[in-house]
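Only one structure is covered here, and it is reproduced in the block below.
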Amino acid sequence: MIQRALLRGLLRLVALLPLALAQAIGAGIGWLLWRIPNGPRQVAERNLAACLPEWSAAERARLLRRNLMETGKGFMELGALWRWPGARVLALVQGVVAGEEALAAAVRAGRGAILLTPHLGSWEMAGLYYSSRHPLTILYRPSRVGLDDISRQGRGRFGGQVVATDPGGVRALLTSLRAGQVLGILPDQDPGDERGVFAPFFGRAANTMTLAPRLALKTGAPVFLTWAERLPRGRGYVLHLRELPDVAAA
């Protein structure tokens, strides 16, 4: 209860700030994470060393710093994205780079679509934007610290249906897709034992989700890769949308 109250209070406070200032504070928090030994920094360092061994230590350190600063921005912009009036949030989207008509056409034809939104840029903005334009069912992993209600409310505030990564949630995804709706899935999470396959990633085997291709094969729905690029100095976001090759033909 205390954690929930503190987080709600923090979101209200951050929502009072201009987006540029909130993101600048987030970048500062990320810079501190880069300078001070901590768990997230250690995990990122190990991953960079494993994936980019050909880079020098200095090059990996620069990328680590940028990564942690963008992570800080992502947290601090939640006040705006989850609490600002809807029109003000959507006005932050400065455009969509290709693919939007193909997505709209799939929805109009009743085929539905699967949006793969990796943890890249502002994935929260991507979910809000698409849920404001299409019936969207969003798959999420329940929080380990009991803050599910806050994240569900924030992600579903424009009408998106938010379902957990459990058998009931998977059934809801299939039902929505068969009804011609759109799914939003964060594909770059460890799906756990017996729910993924090990696939090469930067030369290493990574446990990879199979849910999205299985849903596409069951329904014939097209699959899109999308991410929201964070523009400098709080100027908003640009959405990137790319239709992927047909699963059956891959």
Side-chain angles (χ1 to χ4, degrees), residues 19 70 73-75 77-141 148 150-165 169-170 172-189 209 211-213 215-216 218-231 235-247:
L19 182 62
E70 292 299 317
K73 290 180 186 179
F75 176 74
E77 69 193 8
L78 288 179
L81 300 185
W82 287 0
R83 297 195 62 86
W84 281 7
R88 188 180 178 190
V89 172
L90 295 176
L92 295 171
V93 176
Q94 302 302 309
V96 180
V97 179
E100 190 163 29
E101 178 51 38
L103 172 61
V107 176
R108 286 195 301 267
R111 300 176 62 203
I114 300 171
L115 295 178
L116 301 182
T117 310
H119 289 83
L120 178 68
S122 180
W123 58 91
E124 300 289 354
M125 182 72 250
L128 291 172
Y129 175 78
Y130 292 115
S131 66
S132 75
R133 300 179 66 82
H134 307 286
L136 181 68
T137 300
I138 304 164
L139 185 69
Y140 88 108
R141 176 174 290 177
D148 286 358
I150 297 175
S151 62
R152 288 170 67 95
Q153 289 169 13
R155 292 169 176 171
R157 62 183 303 224
F158 292 163
Q161 177 188 7
V162 184
V163 299
T165 51
V170 173
L173 292 179
L174 185 57
T175 298
S176 297
L177 198 55
R178 284 176 168 163
Q181 299 182 11
V182 179
L183 307 185
I185 298 176
L186 290 159
D188 53 345
Q189 301 182 87
M209 178 187 293
L211 176 62
L215 289 170
K218 277 181 177 290
T219 64
V223 181
F224 295 81
L225 177 67
T226 185
W227 66 98
E229 177 187 356
R230 189 177 291 116
L231 298 177
R235 291 190 287 112
Y237 308 88
V238 170
L239 273 290
H240 297 259
L241 185 62
R242 182 180 302 167
E243 187 170 4
L244 299 180
D246 183 74
V247 172

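What you see is a predicted model, and the numbers here were worked out from it, not measured in a lab.
In this structure, V97 and L241 have side chains that are not in contact, with every pair of non-hydrogen atoms separated by 4.5 Å or more. Inter-residue side-chain proximity for W84 and L92 is flagged as met; some heavy-atom pair is nearer than 4.5 Å. Proximity of V96 to Y129: side-chain heavy atoms (C-beta onward) are separated by under 4.5 Å at one or more points. Using a 4.5 Å heavy-atom cutoff, the side chains of S122 and W227 are not in contact. Between L211 and V170, some side-chain heavy-atom pair lies under the 4.5 Å cut-off.
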Next item on the list: Evaluate the side chain to side chain contact (heavy atoms under 4.5 Å, CB included) criterion for residues L103 and L115: first the C-alpha distance (whole Å), next the side-chain angles of each, then the deciding distance (0.1 Å), finally the verdict.
Entry: CA-CA 9 Å; L103 172 61; L115 295 178; 4.2 Å; yes
Checklist line | Residues L90, F158; criterion side chain to side chain contact (heavy atoms under 4.5 Å, CB included); working and verdict | finding: CA-CA 10 Å; L90 295 176; F158 292 163; 3.8 Å; yes
Checklist line | Trace of the side chain to side chain contact (heavy atoms under 4.5 Å, CB included) decision for R235 with Q94 | finding: CA-CA 8 Å; R235 291 190 287 112; Q94 302 302 309; 5.8 Å; no
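Contact record, A212 with L116: CB-CD2, 3.6 Å, taken as the closest heavy-atom pair. Closest approach of A221 to L177, counting heavy atoms only: CB-CD1, 3.8 Å. Taking both residues in full, the closest heavy atoms of L19 and A80 are given as CD1-CB, 4.3 Å, listed atom of the first, atom of the second, then distance. Residues M209 and P187 come closest through the heavy atom pair CB-O, 3.9 Å. Nearest heavy-atom pair across Q161 and A172 is NE2-CB, 4.4 Å. Heavy-atom minimum distance, P222 versus E243: CB-OE2, 3.6 Å.
Judged by distance alone, with hydrogens and angles left aside, the side-chain atoms of E101 form no donor-acceptor pair with the main-chain N or O of G99 at under 3.5 Å. A donor-acceptor pair under 3.5 Å is absent between the side-chain atoms of D188 and the main chain of P118, judged by distance alone. R155 places no side-chain N or O within 3.5 Å of a backbone atom of V162 that could act as its donor or acceptor partner. Looking only at distances, a side-chain donor or acceptor of R157 sits under 3.5 Å from a matching main-chain atom of L81.
Here the CZ atom belonging to R83 is positioned 12.0 Å from the CG atom belonging to L78, to the nearest 0.5 angstrom. The line from CD1 of I114 to OG1 of T137 is 11.5 Å long, rounded to the nearest 0.5 Å. One finds the OG1 atom of T165 at 10.5 Å from the CG atom of L186 (value rounded to the nearest 0.5 Å). Rounded to the nearest 0.5 Å, atoms CG (L128) and CZ (R133) are 13.5 Å apart. Here L183 contributes atom CG and I138 contributes atom CD1; the two are 10.5 Å apart, rounded to the nearest 0.5 Å. Atom-to-atom distance recorded for T117:OG1 and H240:NE2 is 13.0 Å, nearest 0.5 angstrom.
Taking a 6.0 Å sphere around CZ of R242, one finds it holds 12 or fewer heavy atoms contributed by other residues, nucleotides or ligands.
Checked by atom type, the side-chain pair E77/Y237 shows a donor-acceptor distance below 3.5 Å. Checking H134 against Q181 by side-chain atom types alone, no donor-acceptor pair falls below 3.5 Å. If you check the side chains of Y130 and T226, you find a donor sitting under 3.5 Å from an acceptor.
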